[in-house]
Protein chains: 2
Amino acid sequence: MAEKVTSLQVAERAGVSQSAVSRVFTPGASVSQKTVDKVRKAAEELGYRPNVLARAMVSGKSRIIGLVVAYLDNYFYPETLEILSNALQEQGYHVLVFMTSHTAGPIDDVVQEILDYQVDGIVTASVAMSSKLSQKCIQANVPVVHFNRFEKTQGVSSVTSDNFAGGRELAQFLVAGGHQKIAYIAGWEGASTQRDREAGFRAGLAELGQSLFARSCGEFDTDHARAAAHAMFNVAADKRPDAVFVANDHMAFAVMDELRFCLDLKIPEDVSVVGFDDVPPAAWRAYDLTTMRQRANLMVAETVDALLAHIEDPANAAPRQVSISAPLIVRGSARLPANWPPQEG
Amino acid sequence: MAEKVTSLQVAERAGVSQSAVSRVFTPGASVSQKTVDKVRKAAEELGYRPNVLARAMVSGKSRIIGLVVAYLDNYFYPETLEILSNALQEQGYHVLVFMTSHTAGPIDDVVQEILDYQVDGIVTASVAMSSKLSQKCIQANVPVVHFNRFEKTQGVSSVTSDNFAGGRELAQFLVAGGHQKIAYIAGWEGASTQRDREAGFRAGLAELGQSLFARSCGEFDTDHARAAAHAMFNVAADKRPDAVFVANDHMAFAVMDELRFCLDLKIPEDVSVVGFDDVPPAAWRAYDLTTMRQRANLMVAETVDALLAHIEDPANAAPRQVSISAPLIVRGSARLPANWPPQEG
DNA sequence: GTGAAAGCGCTAACAC
DNA sequence: GTGTTAGCGCTTTCAC
């Protein structure tokens, strides 16, 4: 077991002071080329690399971003994590993962743990955080961004899709498709994504003289969604919706399976189904789901931007509320409007 | 912006020494109840929490485990990450994520970065690591476990399913189902999972007097798999395989979609499809895939166990090669053998 | 441009 | 059981 190589050892070998070594490994420091060469050579030979933790202690910057996430079974989140991690890595940051237990977790405890690691920032995905805790982060000068969730907590940033506009566009699409009995299967009522999507959807219907034909709650959970769909569609044909917007793709797949394999309904002939997220399986032929695309790459870019802005200049970085437009992705799970695609101009 | 609360401040407020404070927050230390009370009270009032990084510096233990992963689009990995993160959290550890870029990444650089964080251990998933680098980790006394990949690199642990046995069981199942023209769509040839699954599958066929009717490589990539399936099945009916084992579920879904929607084949009437992993979508009715279950929970438990064993007693923790049996999950994508399920005894 | 010296916040001997 | 004293490996003034 090799000893740990320290900057001091490198210094001795290179015949310079320890601080010279430090300077060589500090981007903006002033060192002569000669010193750089000597130090680099010695470091190479010894296999020296700066200890990030020690650097973090003295500089106060850990270059660690804490990510709080409740579950990974909605594939929007793994996708997000991959993009986020890559984006941060490019900036020299890394993601420390904190799962809040499925069981209505003590998320505040988790955030406390995060803070203990002296993270430079926190991203929360699919979880709520008490405003007391948010205050604590602000006090500690650790920027927080809520990803895919809007929260009006003071001082906290958020990045979401434009869920209201998305819901509205879906309503327009379904009505244009000639549907008359349009239903909605909701997500967990506490989530802003759920609220905004539904509000937009209802608004869109109302603008076109319709309203929800049926509504049920799937809690963003496949089993709940399946049951909700069963109850909603297992009725006489004339009392059955002819289209349904399911609040996210993950539930939509379960709903489609239930409709097809349990209720023997054809999609989209008997009923149109649309979702929200555009996770990868939505493009799989077995589902071929018409849905709103959450542009994870853009959302992550905004998230990273908000974080870094605050880290680099805490004083002048106001919290931001970013909303990214979500394009409609038309596939085969919903009947197309006549004259589709629409003519430009 | 609140100042950072240090143990010294707590000490002053509690009227004790700074080391007394430290002891109160150190599990096995000897402190009187009276001191504990005073310190806890002062800490509470100040909102003090020990700085994990400072602790890490002096103790040499960061309680961070580095996870290297190449991609998250095979849903086996998000599942793994969730379980791993939860399991480690319970032990007071956390996961620092490192993505190696899709593009045949410089994984060695990534591991170097990990080492810079003074991690207590490293888990690699779906990536290979040069043996030179492995040596470096061993030298640094950082245990490494290869998750879902067997590598005979010295000093490195690995945890995998029993891929050979799994492949063999699949062969037996397919032959028992009356198949005569059995094909295989391989994963990336460099992966041990691919090699072992194929070897087991071939062995199983050979034992029953059969051999591969066709073989093609899907590279563990859906597009490649789709193309491979197309070429393999887009032939006269009598030259077409009647069953295919696709090296993982992720590719199997793409293959099923191709067979059904492009080639208009019925599953399992025209062709049986089996996969490996049992990721969540395998249970979705649209796929209903017969597959071998990789028991992620057990695999993770072994991973954590191997890591902690080494961390707690580096001298006596030999690297281990763990292989977890994978149960066959029979669903509807493959024709059942006669007299299924088999009688016990 | 470079070295000496002072910590970052904490744990771990070491005396008492 | 408690306080005192050294550092952990590094960055960062500060003189020179």
Side-chain angles (χ1 to χ4, degrees), chain A residues 2-40 42-43 46-64 92 115-120 140-142, chain B residues 2-40 42-43 46-64 92 115-120 140-142:
Chain A
E3 332 298 315
K4 227 144 232 169
V5 182
T6 71
S7 58
L8 189 65
Q9 296 170 40
V10 176
E12 282 166 2
R13 182 172 193 112
V16 297
S17 75
Q18 183 269 327
S19 36
V21 176
S22 173
R23 286 190 190 99
V24 171
F25 287 94
T26 303
S30 84
V31 220
S32 71
Q33 187 57 46
K34 213 175 121 199
T35 304
V36 170
D37 292 343
K38 281 192 298 189
V39 169
R40 284 239 122 87
L46 261 32
Y48 168 80
R49 308 202 99 217
N51 179 330
V52 174
L53 261 35
R55 175 177 288 177
M57 271 219 56
V58 39
S59 71
K61 260 78 236 349
S62 64
R63 303 196 82 86
I64 294 177
L115 258 15
D116 296 347
Y117 276 90
Q118 314 298 115
V119 296
D120 291 344
N141 199 30
V142 176
Chain B
E3 332 299 315
K4 227 143 233 174
V5 182
T6 71
S7 58
L8 190 65
Q9 296 170 44
V10 176
E12 281 166 2
R13 181 170 193 114
V16 298
S17 75
Q18 184 269 328
S19 38
V21 176
S22 173
R23 285 189 189 102
V24 170
F25 286 94
T26 304
S30 84
V31 220
S32 70
Q33 187 57 47
K34 215 175 119 197
T35 305
V36 170
D37 293 343
K38 282 192 298 191
V39 170
R40 286 240 119 89
L46 262 32
Y48 168 78
R49 306 204 102 218
N51 179 329
V52 175
L53 261 34
R55 177 178 286 176
M57 272 220 57
V58 40
S59 71
K61 258 79 238 347
S62 65
R63 303 197 79 86
I64 295 176
L115 258 14
D116 296 346
Y117 276 90
Q118 314 299 117
V119 296
D120 291 344
N141 200 29
V142 176

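Below, chains carry the letters A, B, ... as their sequence lines are ordered, and counting in each starts from 1.
Using modelled atom types, no side-chain atom of B/Ser7 and backbone atom of B/Ser22 make a donor-acceptor pair closer than 3.5 Å. The closest donor-acceptor contact from the side chain of A/Gln9 to the backbone of A/Lys4 lies under 3.5 Å. Side-chain N or O atoms of A/Arg63 include one that pairs as donor or acceptor with a backbone N or O of A/Gly92 at under 3.5 Å. Panel note: side chain B/Arg49, backbone A/Asp116; no donor-acceptor pair is recorded below 3.5 Å.
When DNA chain D is scanned 5' to 3' for any atom under 4.0 Å from a heavy atom of chain A, the first and last hits are D/dG9 to D/dT13.
Distance check: A/Leu53 CG to A/Ile64 CD1 gives 6.5 Å after rounding to the nearest 0.5 Å. A distance of 14.0 Å separates NZ in A/Lys38 from CZ in A/Arg13, rounded to the nearest 0.5 Å. Rounding to the nearest 0.5 Å gives a distance of 11.0 Å between CD of B/Gln118 and OG of B/Ser59.
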- Report the C-alpha distance between B/Val36 and B/Gln33 in whole Å, list the side-chain angles of each, state the deciding distance to 0.1 Å, and finish with yes or no for side chain to side chain contact (heavy atoms under 4.5 Å, CB included). CA-CA 5 Å; B/Val36 170; B/Gln33 187 57 47; 4.0 Å; yes

- Message: Let's go through B/Arg55 and B/Asn51 carefully: what are the C-alpha distance in whole Å and the side-chain angles of both, what is the deciding distance for side chain to side chain contact (heavy atoms under 4.5 Å, CB included) to 0.1 Å, and is it a yes or a no?
- Response: CA-CA 6 Å; B/Arg55 177 178 286 176; B/Asn51 179 329; over 6 Å; no

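The side-chain tip of A/Arg40 points at the ring of A/Phe25 from less than 6.0 angstrom away and within 45° of straight on.
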- Which nucleotides of nucleotides 9-16 of chain C have their base under 4.0 Å from a protein heavy atom (B), which only their sugar-phosphate (S), and which neither (-), written as one string 5' to 3'? BBBBB---

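One interatomic measurement links the two molecules: NZ of A/Lys34 to P of C/dT2, which rounds to 8 Å at whole-angstrom precision.
Comparing the start and finish of the helix from C/dG1-D/dC16 to C/dC16-D/dG1, five pairs each, the helix axis swings through 30°, to the nearest 10 degrees.
The phosphate of C/dG1 (OP1 or OP2) has a side-chain N or O of A/Ser30 nearer than 4.0 angstrom.
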